[in-house]
Structures are given as structure tokens and as C-alpha cells.
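Protein chains get the first letters and strands the later ones, always in sequence-line order, with residue 1 at the start of each.
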Protein chains: 2
Amino acid sequence: MKYTYTHPRPSVTVDCVVFGLDEDDLKVLLIERDVEPFQGCWALPGGFVLPDESLEDAARRELAEETGARDVYLEQLYTFGRPDRDPRDRVITVAYYALVKMSSHTLQAATDARNVAWFSLNDLPTLAFDHDEILQMAHQRLVGKVRYQPIGFELLPEKFTLTQLQRLYEIVLDRPLDKRNFRKKILSMNILMETDEIQQDVAHRAARLYRFDHARYRKLTREGFNFEI
Amino acid sequence: MKYTYTHPRPSVTVDCVVFGLDEDDLKVLLIERDVEPFQGCWALPGGFVLPDESLEDAARRELAEETGARDVYLEQLYTFGRPDRDPRDRVITVAYYALVKMSSHTLQAATDARNVAWFSLNDLPTLAFDHDEILQMAHQRLVGKVRYQPIGFELLPEKFTLTQLQRLYEIVLDRPLDKRNFRKKILSMNILMETDEIQQDVAHRAARLYRFDHARYRKLTREGFNFEI
DNA sequence: CCAAAAGTGTTTCACTTACACCCATGA
DNA sequence: TCATGGGTGTAAGTGAAACACTTTTGG
């Protein structure tokens with residue numbers, strides 16, 4: 001082999017783009033850096049990969065440590081390795097994106113007390129390193145994937161109304177959807193389980209609550225069904 | 001920051017899954033390892049990322065050095081980082097996949113004289129490390145992507161017949177397509193440029209040759225066109 | 001003249017789209 | 001009783017799928 005194990009090694013980090021859904025906006029979770037470089041800048045949560053953990057384990061650990069988010073949907077996005085992307089040293093970062101149920105996750109401040117906050121995608125601060133590029137790619141991936149994989153549910157509470165689900169798609173895809181057609185389509189897929197509960201504390205007729213039926217979805221998928229909005 | 005730059009660093013490599021298309025088969029390019037571990041085993045071409053090159057540069061360099069392939073379609077696939085994926089040491093590999101025009105690329109043997117060969121996907125040898133997993137993922141990605149991005153053309157010669165194009169999709173998607181419907185659809189996209197040449201040296205009516213019109217495709221894409229087979 | 005692949009249209013069916021009103025509830 | 005969203009069906013249009021024969025060429 002031409003290059004041996006004694007060659008200079010880069011550092012390897014993981015960074016996470018955490019998406020959450022608000023009443024009317026897609027949000028990203030950022031942390032404020034308290035060390036140079038980019039001190040005071042907002043950045044994606046992330047950190048070094050430890051010797052004995054997998055990349056995904058590293059991402060989940062950093063996410064939990066820095067934001068308190070656990071048990072979230074997590075998927076590898078892309079690996080960024082421009083030689084000069086970190087001004088100090090060669091750092092290759094494996095980026096992940098996560099989808100969290102904002103409503104149920106009350107975020108803990110980072111263990112090391114850094115500032116953590118949600119930002120609307122339309123109103124982002126300047127980000128450290130190439131994190132803006134990473135974020136944009138994650139957003140593109142989400143928009144592309146939400147239409148043909150049932151990952152949108154990860155952004156909603158366990159039980160949700162059809163209107164909430166429709167809003168989710170309208171926000172992520174950034175275009176209005178027809179109410180009747182949307183309901184017809186999503187219900188005809190047979191991947192929603194109607195609960196016997198209804199919305200609480202609304203000043204109008206309460207809507208029925210549904211939940212995503214994972215088992216049913218897996219079964220249908222095995223039989224050749226393809227999710228698509 | 002909790003972990004510093006002095007933490008143990010993994011090695012980082014790139015590996016390439018190179019696809020080519022035969023008369024009737026999808027093929028992968030493999031090299032025979034001449035060092036331990038997995039000496040004598042077939043493996044994906046790849047190697048260490050040098051300190052001052054990007055990941056994609058590293059992939060292209062290794063590809064050229066080990067197989068002679070240049071100017072190919074190359075796309076990052078996924079990053080594999082199980083702590084024990086290399087028996088000697090922690091090695092994280094950034095996998096790429098490449099699509100090459102087998103007809104026009106005469107492969108050179110590797111610079112370091114290792115054995116290089118094409119294998120049919122249906123008749124693979126045992127592969128080193130987790131390379132089989134990488135290969136399977138690359139194959140899945142290709143199958144998934146070929147339908148909605150015009151990357152299939154990268155596997156054909158510059159000029160090709162509609163039948164060749166149809167065969168390509170039939171092989172990659174592993175199902176028969178209807179000739180008339182296929183032609184209607186692909187021609188109606190307006191992304192093929194009809195040449196004034198025809199197939200040579202065939203013992204039957206010679207078919208018209210077409211080429212993929214990149215400029216036209218980009219223009220249509222900007223206008224909202226979506227490729228889909 | 002035979003073998004082999006090139007080339008070509010129409011009908012059917014399924015799915016998508018557009019569209020508007022009444023109902024239930026809480027304030 | 002009013003404001004607010006919940007819930008529902010039909011018709012028209014568009015795109016996908018099924019399907020078979022004639023033409024061209026070289027051997």
C-alpha cells in the first residue's frame with residue numbers, strides 16, 4: 001500500500017443540523033461558540049469523534065450533551081473535507097441531520113452551559129466555519145426527502161391532526177396544498193391510525209387526532225407500496 | 001470545547017465504487033489486495049486522504065492511480081466509521097461512487113501493478129473489510145437515483161441509440177420497459193440531441209445515434225423541469 | 001428472402017387537480 | 001350568534017400503461 005498508517009491524520013468531527021417545526025416555521029437548533037475560532041458565533045452542535053464510538057454514536061452523544069435532545073430521527077447527510085474549512089487544522093466533519101418533535105422536547109441548556117436556541121430558517125445568524133453550507137444542504141435534503149419518505153412525522157407530536165400534517169408539508173415544501181386532495185391522498189395510503197381522541201383547548205370544532213402507523217407502513221413497503229406526497 | 005485537537009485521530013481513507021455497463025450487465029471495478037490484511041482479497045479502489053487535498057480530490061487521485069480512470073462522474077456516497085471496520089486501527093472511510101463509460105475507458109493496470117478487473121454484480125468475489133456493504137449501498141443509490149437524475153448517460157458512450165439507452169435502464173432497474181412508451185417519454189423530454197449519424201457494423205437496420213444535451217437539460221431544469229423515467 | 005432490430009399511434013385506465021359548502025364548537 | 005377551522009365529493013384533465021405491425025438493412 002502506498003500510504004501507510006503513519007501519515008498525518010486529520011481530526012474528525014460530527015456536526016448535526018437539528019430541525020424542528022413551529023406553528024408556522026421550520027427551525028434549526030444552534031449553539032453559541034464560547035471559544036476561538038468563531039467565538040461568539042452561532043454554530044451547529046457537534047464535536048470530535050471518540051476512538052471507540054461509531055459516527056452515529058458520536059452524533060447522538062454530542063446532540064445529547066450540547067442540546068439535551070435524545071431519541072431523535074438521525075441520518076447521515078454528507079462529509080465535508082475541504083482542507084481549509086477549519087482555520088487551525090485539517091478537520092473533516094461528518095454531517096448529520098436530525099428531526100425532532102419540538103413540542104415534546106424541552107431543550108436542556110448544554111452541559112457546558114453554552115447558549116442554545118432555535119432559529120427560523122428565514123432568519124439565520126452568520127454561522128461558524130462552513131456550517132451555513134452544511135445547513136443549506138441539510139435543508140435541501142429534507143425538502144427532497146420529505147415527499148417520498150414518511151420522515152415528516154418525526155417533526156410532529158405522536159398524535160396530530162390532518163391539518164397539522166398538511167401545514168408541515170406546506171411549510172417544508174414551501175407551497176400551499178389543497179385540503180381535500182391532501183386528506184384523500186394521505187388517508188388512502190392507510191398509514192395513519194385514527195385515534196379516538198380529539199384536539200383539546202381550541203376555540204372551534206376540535207379535530208380528530210391521528211398517529212403514524214409504523215408497523216403498517218413497514219408492511220405496505222414490503223409489499224411494494226411507495227410513499228409519496 | 002470539551003475535546004481538543006490532541007485527542008487520538010482516526011485515519012481517513014476514500015473508497016470508490018466504480019460502475020460500468022456491459023452489453024448485458026452492470027459491472028464493478030475491483031482491485032486485488034497485495035498486502036495484509038485481506039491479502040489476495042478483492043477490494044474497492046481507494047486509499048488515504050492526503051493532508052492538503054479535498055475528499056473528492058483524493059477519490060479522483062486514487063481512482064486514476066489504481067485504475068487509470070479519469071474524468072468520470074463521481075459522487076459522494078456515505079461515510080463508514082464503525083470502530084472495528086479495519087482490524088488494525090481506527091479507519092474512517094468516505095465512500096464515493098463513480099460511473100464510467102466502459103466502452104471508451106481502456107483501463108490501465110494500477111501503477112503499483114495490482115490486479116484490476118470488472119466483476120458482474122451478480123457474481124462478486126468476497127470483498128475485503130466492509131466493502132461489500134459499501135458496494136451494496138452504492139448499488140442501491142444508483143438504482144434510486146438513475147430514475148430521477150440523468151446520470152445513466154455517464155454509463156453510455158457519447159453517442160448512443162435509444163435501444164442502448166433503454167437497455168441501460170432495464171439493466172439498472174432490473175425490469176423490462178415498453179419500447180414505445182420509453183421512446184415517447186425520453187424524446188418528449190427534449191434532452192436528447194439527434195445526431196446525423198447512425199449505428200455502424202450491425203447486421204440489421206442501423207439505428208439513429210443520439211447524445212445527451214447537457215446545456216438543454218440545465219436550461220429546462222432551471223425552468224422547473226424534472227427528469228424522471 | 002430471411003433474420004434481426006428499428007421505428008411508429010391509439011385506446012384505456014388511474015391518478016391528479018380544481019373547486020365550495022355545511023357542520024361543530026367555544027367564546 | 002358569530003368566528004373559526006373541521007370535514008366532505010365530483011367532474012375534468014393529464015399522464016401512464018398496454019399493445020402489434022411495417023420498415024430497413026445486411027447476410
- How many Å lie between CZ on R205(B) and C1' on dT22(D), as a whole number? 10 Å

- Message: Rounded to whole Å, please give me the gap between CD in E170(B) and P in dA5(C).
- Response: 13 Å

- Message: If the cut-off is 4.0 Å, is K184(B) near the phosphate of dG9(C), judged by side-chain N/O to OP1 or OP2?
- Response: no

- Item | Phosphate contact (dG6(D) OP1 or OP2) by T163(A) side-chain N/O below 4.0 Å | yes

- Per atom distances to the N181(A) side chain, the nearest of dG7(D), dA4(C), dA18(C) is dA18(C)

- Query: For L177(B) and dA17(D), what is the distance between atoms CG and P respectively, to the nearest whole Å?
  - Reply: 9 Å

- Query: Just checking, is any N or O donor in the side chain of R183(B) or S188(B) under 3.5 Å from an acceptor N or O on the other one?
  - Reply: no

- Task: Compute whether any side-chain donor of one residue and acceptor of the other, for E170(B) and Q166(B), lie under 3.5 angstrom apart.
- Result: yes

- Does a side-chain N or O from R183(B) land closer than 4.0 Å to OP1 or OP2 of dG7(C), or not? yes

- Message: Can you confirm whether V28(A) sits close enough to V18(A) that some side-chain heavy atom of one is under 4.5 Å from a side-chain heavy atom of the other?
- Response: no

- Length of the line joining R147(A):CZ and dT16(C):P, which is rounded to integer Å: 11 Å

- Message: Are more than 12 heavy atoms, taken from residues, nucleotides or ligands other than E223(A), located less than 6.0 Å from that residue's CD atom?
- Response: yes

- Message: Determine whether R141(A) and E75(A) satisfy the following criterion, salt bridge (charged side-chain N to carboxylate O under 4.0 Å, His left out), listing intermediate values before the conclusion.
- Response: CA-CA 10 Å; R141(A) 177 80 62 95; E75(A) 186 181 313; 3.7 Å; yes

- Return the value, rounded to whole Å, for the distance between atom CD1 of I198(A) and atom P of dT4(D). 20 Å

- Message: Between D178(B) and K185(B), which residue's closest nucleotide on DNA chain D lies nearer the 5′ terminus?
- Response: K185(B)

- Message: Please compare Y210(B) and A203(B) by the position of their nearest nucleotide in DNA chain C and report the one closer to 5'.
- Response: A203(B)

- Message: From NZ of K179(A) over to P of dC21(C), roughly how many Å is that when rounded to an integer?
- Response: 14 Å

- Task: Report the distance from atom CZ of R180(B) to atom C1' of dG15(D), rounded to the nearest whole Å.
- Result: 17 Å

- Task: Provide, to the nearest angstrom, the distance between the CD atom belonging to Q166(A) and the C1' atom belonging to dG5(D).
- Result: 12 Å

